[in-house]
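The block underneath contains the structure these notes are about, expressed in structure tokens.
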Amino acid sequence: MVKKKTKRRRKSRYHRGIHSSPIAGDCKYRSGWEQKYMEHLDADETVASWSYEKLIIEYVSNQKTKKVRKYYPDFQIEYKDGKKVVVEIKPSRKLGQLTVIKKIRAAKEWCTTHNMTYKVLTEIELKDMGLI
């Protein structure tokens, strides 16, 4: 009798799940840091609304071929005072990667033209905020 091979599922090293927000509804997150930030936004009384990975920013990933890619920043937040902020949560060790640099540059340009602020939060800022 031939034994059928079964694929073993690798355990993901990322903390994934669904956060049920009273402001944004059900949001899938791909890291514990994103989950903690979602909880922070829900508890912040100055936040009017927020969304997770709804905004699309196109950027040129290759200058030679002019290949256009899409970047989905983690959070788009609107505060009760009218201020709008786009937030990306990223480990500090990844900030030097070329793809990340291109995405950040494109997001900063997009936010400037749309009168918004762009922030990258690393583990350093999240620790300072008391979230991790």
Side-chain angles (χ1 to χ4, degrees):
M1 183 168 166
V2 178
K3 199 173 193 182
K4 186 178 177 182
K5 283 188 176 183
T6 57
K7 280 189 177 181
R8 272 198 295 172
R9 285 186 60 184
R10 276 181 45 191
K11 185 177 179 185
S12 176
R13 59 186 187 152
Y14 299 107
H15 185 77
R16 298 173 186 255
I18 298 174
H19 172 74
S20 294
S21 166
I23 298 172
D26 287 347
C27 300
K28 289 184 179 180
Y29 55 86
R30 284 194 270 287
S31 78
W33 295 355
E34 291 175 352
Q35 178 191 19
K36 294 289 185 190
Y37 195 68
M38 289 176 181
E39 292 168 0
H40 166 75
L41 291 174
D42 286 339
D44 188 342
E45 294 183 7
T46 64
V47 173
S49 67
W50 64 269
S51 61
Y52 178 71
E53 292 188 346
K54 298 281 189 220
L55 178 65
I56 302 170
I57 298 173
E58 292 187 343
Y59 69 101
V60 177
S61 68
N62 186 321
Q63 292 299 326
K64 266 188 187 176
T65 63
K66 303 294 184 205
K67 172 76 175 163
V68 176
R69 295 190 182 271
K70 293 178 180 175
Y71 165 46
Y72 299 85
D74 292 329
F75 297 95
Q76 184 176 0
I77 307 158
E78 185 168 350
Y79 290 90
K80 291 179 180 174
D81 64 1
K83 187 170 120 179
K84 295 180 181 179
V85 181
V86 175
V87 175
E88 177 68 26
I89 295 185
K90 190 71 67 189
S92 59
R93 64 183 160 77
K94 291 190 175 187
L95 294 180
Q97 294 177 350
L98 188 57
T99 305
V100 174
I101 292 168
K102 289 176 183 178
K103 289 176 180 181
I104 290 172
R105 186 180 306 133
K108 285 180 178 178
E109 288 175 18
W110 188 91
C111 286
T112 300
T113 60
H114 291 84
N115 199 26
M116 297 174 84
T117 304
Y118 182 73
K119 290 183 185 179
V120 177
L121 300 179
T122 66
E123 66 276 9
I124 297 161
E125 290 82 12
L126 294 173
K127 281 179 186 172
D128 289 345
M129 296 169 70
L131 299 180
I132 59 171

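Numbers here are sequence positions counted from 1. Quick caveat, the model's predicted, so the values are computed rather than measured.
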Plane angle bin for His15 and Tyr29 - parallel if under 30°, tilted between 30 and 60°, otherwise perpendicular: parallel

Given the rule in the side-chain hydrogen bond (donor to acceptor under 3.5 Å, both in side chains) test, do Thr122 and Glu125 qualify, once you have shown the distances and angles that lead to the verdict? CA-CA 6 Å; Thr122 66; Glu125 290 82 12; 2.4 Å; yes

Separation between [atom1] of [X] and [atom2] of [Y], rounded to the nearest 0.5 Å:
X	Y	atom1	atom2	value
Ser20	Met38	OG	CE	10.5 Å
Tyr71	Ile104	OH	CD1	6.5 Å
Ser31	Asp74	OG	CG	7.5 Å
Leu121	Ser92	CG	OG	12.0 Å

Kindly say whether Ile124 contributes a backbone atom to a donor-acceptor pair with the side chain of Lys127 at under 3.5 angstrom? no

Is there a donor-acceptor pair closer than 3.5 Å between any side-chain N or O of Lys103 and the backbone N or O of Ile57? no

Is it true that Arg30 and Glu53 have a side-chain N and a carboxylate O under 4.0 angstrom from each other? yes

Are any non-hydrogen side-chain atoms of His19 and Glu34 less than 4.5 angstrom apart? no

Heavy-atom count around Asn115 CG within 6.0 Å, excluding the residue itself: above 12? no

Is atom NZ of Lys102 surrounded by more than 12 heavy atoms (other residues, nucleotides or ligands) closer than 6.0 Å? yes

